[in-house]
Chemist: 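Before I ask anything, let me first share the structure, which is written out below as structure tokens.
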Amino acid sequence: MTVIIGSARIDENGNATGGKVGDQKQTSKPDYKGEVSLQTFYVASKGWYVLHPKSDAHALKIAEKMLTACNNSNLGYDQTNRLGVITHGVASTVKTECDCSALVRACVKEATGKDPGNFTTANEASALEATGLFIGRKKYTNGMTLYTGDVLVTCTKGHTVIVVEGASRYSAPVDTTKYYKKYTGTSGSIVVALNAIGVDSSYSHRAKIAAANGISGYKGTAAQNTQMVKLLKAGKLIQA
């Protein structure tokens, strides 16, 4: 089957910023040419992480929201004004803007009632996992089944899309990812948190945990450790 994805792609001038408000490139519906539009699935040069929504109902609504956005001529692309879609929604009746990550956020928020926060493609997978709404990320491999409502984000900062037409959700996979026990304490230290649940907190082991959770180039920075603590508190820190 042909898999169709939707996303916010680029403005009417081929730039990330500076275009007119709204979609200047949309000429028909369904829209395959606009600033925010549909296209046939492709394998990104940076690779994809795939996140499956746990709920069939949520997945179908997420796909529906993206389809609405792609066919809405009021919704254009501009990174500077990317949060317009959060203010006005994917079905906005006024001309506004978004970028790829803000649009995915809007679709998830409107479909599930839970706002995953203001992420970018650099930390999107972790932000979505932290909501508890998605099965932990899987790296796309050739021939992998993509389901309607799946969220795809490049393995390094780049782009994100939603599958609007894929395999039936009624045969979607179950979550077989192994997570560490949820940390219920109040400490913001990853060392303290790991020790509390009986897990090796050494630097070398933390580096392995970071890699398993898509945190590349682990150096033990405050930002990296905070990201792992948030996942651990959500019960979504994948075991090394």
Side-chain angles (χ1 to χ4, degrees), residues 4-51 62-111 114-128 130-131 137 140 150-164 214-217 221 223-224 227:
I4 304 299
I5 56 178
S7 67
R9 296 162 67 178
I10 202 70
D11 81 3
E12 71 272 22
N13 300 312
N15 298 321
T17 61
K20 294 181 180 179
V21 179
D23 195 333
Q24 310 303 313
K25 296 170 66 177
Q26 184 179 123
T27 58
S28 63
K29 296 179 183 180
D31 178 20
Y32 283 82
K33 295 181 179 180
E35 299 176 43
V36 180
S37 57
L38 305 167
Q39 63 187 137
T40 303
F41 170 74
Y42 64 94
V43 180
S45 60
K46 295 182 176 182
W48 292 116
Y49 282 133
V50 182
L51 292 103
I62 289 170
E64 178 185 308
K65 294 296 181 181
M66 178 56 80
L67 186 60
T68 295
C70 289
N71 289 321
N72 184 1
S73 61
N74 287 318
L75 190 58
Y77 186 101
D78 191 301
Q79 289 185 355
T80 301
N81 301 309
R82 61 192 290 272
L83 298 182
V85 68
I86 303 300
T87 301
H88 300 288
V90 300
S92 177
T93 57
V94 299
K95 291 187 180 301
T96 190
E97 307 279 49
C98 66
D99 70 357
C100 62
S101 56
L103 179 55
V104 168
R105 174 190 173 189
C107 289
V108 172
K109 177 184 176 182
E110 293 183 30
K114 189 168 187 176
D115 187 352
N118 188 20
F119 56 77
T120 69
T121 54
N123 66 334
E124 178 176 334
S126 296
L128 294 181
T131 65
R137 77 193 81 174
Y140 178 80
D150 282 352
V151 177
L152 280 60
V153 59
T154 47
C155 297
T156 56
K157 185 178 180 180
H159 192 49
T160 182
V161 306
I162 288 173
V163 177
V164 298
I215 303 171
S216 59
T221 65
Q224 290 172 327
Q227 187 175 346

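If you're wondering where the values come from, they're calculated on a predicted model, not measured in any experiment. Numbering of residues begins at 1 and proceeds along the displayed sequence.
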Chemist: Holding to side chain to side chain donor-acceptor pair (under 3.5 Å), I want the full list of residues that pass it with Q79, two or more places apart in sequence or in another chain.
Modeler: Y77

Chemist: Could you tell me whether a side-chain N or O of Q224 sits under 3.5 Å from a main-chain N or O of G217, the two making a donor and an acceptor?
Modeler: yes

Chemist: Quick check for you: to the nearest 0.5 Å, what is the distance between L128 atom CG and Y49 atom OH?
Modeler: 13.5 Å

Chemist: With sequence neighbours excluded, what pairs up with Y140 under the ring-ring contact (aromatic ring centres under 6.0 Å, His included) test?
Modeler: F41

Chemist: Are side-chain heavy atoms of V164 and L38 found at a separation under 4.5 Å?
Modeler: yes

Chemist: Rounded at 0.5 Å granularity, tell me how far CD1 in I86 sits from CZ in R105.
Modeler: 4.5 Å

Chemist: Is the side chain of E12 donor-acceptor paired with the backbone N or O of K20 at a distance under 3.5 Å, no angle test?
Modeler: yes

Chemist: Hey, does N72 have a side-chain heavy atom less than 4.5 Å from the side chain of V90?
Modeler: no

Chemist: Just by distance, do the side chain of D23 and the backbone of E35 share a donor-acceptor pair under 3.5 Å?
Modeler: yes

Chemist: Distance check, rounded to the nearest 0.5 Å: K95 atom NZ versus L75 atom CG?
Modeler: 10.5 Å

Chemist: Not counting sequence neighbours, which residues clear side chain to side chain donor-acceptor pair (under 3.5 Å) with D31? List them please.
Modeler: Q26

Chemist: Is there side-chain contact between K33 and K25, with at least one heavy-atom pair below 4.5 Å?
Modeler: no

Chemist: List the residues meeting salt bridge (Lys or Arg N to Asp or Glu O under 4.0 Å) with D150, not counting sequence neighbours, and say none if there are none.
Modeler: none

Chemist: To the nearest 0.5 Å, what is the distance between OG1 on T17 and CG on D11?
Modeler: 7.5 Å

Chemist: Do V104 and T121 come within less than 4.5 Å of each other through their side chains, counting heavy atoms only?
Modeler: no

Chemist: How about K114 and V108: do any of their side-chain heavy atoms sit closer than 4.5 Å?
Modeler: no

Chemist: For S7, check side chain to side chain donor-acceptor pair (under 3.5 Å) against everything at least two apart and list the hits.
Modeler: H159

Chemist: Does any part of the side chain of P30, heavy atoms only, come nearer than 4.5 Å to the side chain of N71, both counted from C-beta?
Modeler: yes

Chemist: Run the numbers on R82 and N118 for side-chain contact (heavy atoms from CB on, under 4.5 Å), then give the verdict.
Modeler: CA-CA 10 Å; R82 61 192 290 272; N118 188 20; 2.7 Å; yes

Chemist: State which residues pass side chain to side chain donor-acceptor pair (under 3.5 Å) with R137; sequence neighbours excluded, sorted by chain then number.
Modeler: S126, E129

Chemist: Check whether any side-chain heavy atom of M66 lies under 4.5 Å from a side-chain heavy atom of V151, and answer yes or no.
Modeler: no

Chemist: Can you measure from CD (E64) to SG (C107) and round to the nearest 0.5 angstrom?
Modeler: 10.0 Å

Chemist: As an exercise, state the distance from CD1 of I162 to SG of C70, rounded to the nearest 0.5 Å.
Modeler: 8.5 Å

